[in-house]
Every structure is written in structure tokens, then in C-alpha cells.
Trainee: 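Have a look at the structure that comes next, please.
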2 protein chains.
Amino acid sequence: MKQDFTPIECCDQVEIHEPLLKIVSDQLPPEDELYDLAELFKIFGDSTRIRILFVLFEAEVCVCDLASALNMTQSAISHQLRILKQSQLVKARREGKQVFYSLADDHVRTIISQGLEHVEE
Amino acid sequence: MKQDFTPIECCDQVEIHEPLLKIVSDQLPPEDELYDLAELFKIFGDSTRIRILFVLFEAEVCVCDLASALNMTQSAISHQLRILKQSQLVKARREGKQVFYSLADDHVRTIISQGLEHVEE
DNA sequence: TGAACATATGAACGATTGTTCATATGATGG
DNA sequence: CCATCATATGAACAATCGTTCATATGTTCA
């Protein structure tokens, strides 16, 4: 998005180009919403985080169990949990020394299962 | 995913840990499916590609019009279209000098609108 | 209070990503 | 065939990302 906006006709086809620009400006969600949307999908775009979410589909789990279940270091899991929490996909509850994580809401399930459908074709 | 798997009890809580490992191995999709899933979401995790898809929600559009509508260089758009096409999210149709792109199927719409719902809260 | 355990976090590193620039490929019309 | 337009692509670069390592914070129990 470096280039300045210039309403130049493209492809020498003024009659296609003009209504297109109108459609785009009418239908495109605002810039910050598009950014947030991309940001959300970016979270799902890592298989460690996906695996964490799949475990949380089944149960509320502490960091240490997540690490051992997914066979990764506590640190790596903790870093990823922070990202998931910041994006409101996951919530944390402390119980003594341990912190238990669970899904923040059910959108996550829906989004991921839609993705799975596409992948499984 | 560097660490070797060792079935060590975690958090000194054998009674929690054991069934968890079972759940994980029973419910977790196979490794390659999780990878594909993450790979799919990675595609949506860029606002340029999201914007391209939003335009394609409305119409079949040639590269050059996409570039001017989204105010980006033809090269940048073309690179991104290649990624979208490789992931089967978009298909291409040549008509003379121009190449028109459109959505490959309707999963894309569903996935993105699910994402939007989450973001708009 | 101090040792032991669970979790969080900052810095550093290699790996991946998106854009730009230059150029190649492909199609059309003269 | 050649010039021109539309698109594709490879190399290069800065920016971002995920993991590791070392260490800090927070909690429990003796």
C-alpha cells in the first residue's frame, strides 16, 4: 500500500473499471476492520496454536500439561498462550501455582471447523 | 516441536495428566491435516489477500483492475493471486491479454464472515 | 523466610513473509 | 515479425514470527 491513489483507467476499459471502484468503496469493510480480521486469521496460521486450541476444545488445561501433551517446552507454549489470550480466543484462571486455560468463546470452534471442511476436501 | 517425547508426569498430577494425553491422541487430527489447516489460515492472515477476496466476493476481476482498485502495484497483486490460487481459494480465466480471477468456492465466504463476526464484537 | 514448583517474559536467533524492481512470458493488432 | 499491453516471476531486502535460553514473577509449604 505504498502507491498513491490515482483514478487512472486500467486495462483501457473505462466501463469496467469505474463501477468496480464504486463496488470496492461501497462493500469493503473499513481499513481497521480488515486489519483486525487479518490479524485474527494470523493467530490461526500456526500449527502450535492450532494444536493448543484443539486440546482446549476437549478440556480446561494447565500450561504444563499442554506442554507435555503437545511435546513442547513450557516457554514456547506460554508465549503462544499469551498471543491467544491477547486475541481473546482463550482465557486463563489461576488455581494455586497452576494456570488453567480454556476457550474464550465458541466462535473459535466454528472458524476452525469451517477451515477443516475446506482442508479435508 | 524440537523436544523428544517423554511421558513424564507433569505438575505432579498423574491423575489429570494421563487422561489428557489420551484425549489429545484420540481427538487431535493427524499432523499433516493440522499443518494444512494452519497453512490455510495463514493465507487469510494478510490484509492484502483479505482485500483481494472481498473484491472477488462482488465480481470477477482482472489483475490490473484489482491493482488499481486496491491501490497496489500489479506485481504485488499478482504475487498474492498466485498464493491464493495455489491454495485453491481463487481460480483464473484468461480472456485475451487479461486474466480474470474469481472465488474458487463458497467456503471462503463462510470462513471470512465467521472471522468478521468475531472481530466485530 | 527460603526452597521448590508453575508460569511469564525479554533478548537473540534463524526462518519465513510481503513488497519492490527488473525482467520474462503471453496475447493482440498492425 | 514487432511493438504494445497484461500478467507472471525471480532475486533481494526489510520486517515479522516462533522457538530457545536465561531469568523473573508468583504461589505453596515447610
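Naming convention: chains lettered A, B, ... in sequence-line order (proteins, then strands); numbering from 1 in each chain.
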Trainee: Whole angstrom is fine here: how far is it from CZ in A:Phe41 over to P in C:dT17?
Mentor: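 Taking CZ of A:Phe41 and P of C:dT17, I get 18 Å after rounding.
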Trainee: Quick one: list whatever passes ring-ring contact (aromatic ring centres under 6.0 Å, His included) with B:Tyr35, sequence neighbours left out.
Mentor: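 Residues passing ring-ring contact (aromatic ring centres under 6.0 Å, His included) with B:Tyr35: none at all.
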Trainee: If we check side-chain contact (heavy atoms from CB on, under 4.5 Å) with A:His118, which of these qualifies: B:Thr110, B:Asp36, B:Asp105?
Mentor: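 Output: one option passes, namely B:Asp105.
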Trainee: Rounded to whole angstroms, how far apart are CD on B:Gln98 and P on D:dA8?
Mentor: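 Roughly 11 Å, once rounded to whole Å.
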Trainee: Look at A:Tyr101 and C:dA6 and indicate whether a side-chain polar atom (N or O) is within less than 4.0 Å of OP1 or OP2.
Mentor: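 Looking at the OP1 and OP2 atoms of C:dA6, neither is under 4.0 Å from any side-chain N or O of A:Tyr101.
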Trainee: Yes or no on side chain to side chain donor-acceptor pair (under 3.5 Å) for B:His107 and A:Gln114, after CA distance, side-chain angles and deciding distance?
Mentor: CA-CA 7 Å; B:His107 267 133; A:Gln114 282 294 328; 4.6 Å; no
Trainee: Could you go over nucleotides 21-26 of chain D and give all protein N or O partners under 3.5 Å, atom names and distances?
Mentor:
from   : atom 1 : to      : atom 2 : distance (Å)
D:dC21 : N4     : A:Ser75 : OG     : 2.7

Trainee: In degrees, rounded to 10°, what is the bend between the two ends of the helix from C:dT1-D:dA30 to C:dG30-D:dC1, using five pairs at each?
Mentor: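 The end axes of the helix from C:dT1-D:dA30 to C:dG30-D:dC1 are about 20° apart, to the nearest 10°.
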Trainee: Any ring-ring contact (aromatic ring centres under 6.0 Å, His included) involving residues 62-84 of chain B? Give me the pairs, sequence neighbours left out, ordered by first then second residue.
Mentor: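 Passing the test, one end in residues 62-84 of chain B: no pairs.
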Trainee: Under 3.5 Å, which protein N or O atoms sit close to an N or O of nucleotides 14-18 of chain D? Give each pair with its distance.
Mentor:
from   : atom 1 : to      : atom 2 : distance (Å)
D:dG18 : OP1    : A:Arg49 : NH1    : 3.0
D:dG18 : OP1    : A:Arg49 : NH2    : 2.6
D:dG18 : OP2    : A:Arg49 : NH1    : 3.3

Trainee: Please name all residues satisfying salt bridge (Lys or Arg N to Asp or Glu O under 4.0 Å) with B:Glu120, sequence neighbours left out, ordered by chain then number.
Mentor: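 If we apply the salt bridge (Lys or Arg N to Asp or Glu O under 4.0 Å) test to B:Glu120, skipping adjacent residues, there are no hits.
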Trainee: Please report, rounded to the nearest Å, how far the C1' atom of C:dA8 is from the CZ atom of A:Arg93.
Mentor: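 Nearest whole value for this atom pair: 18 Å.
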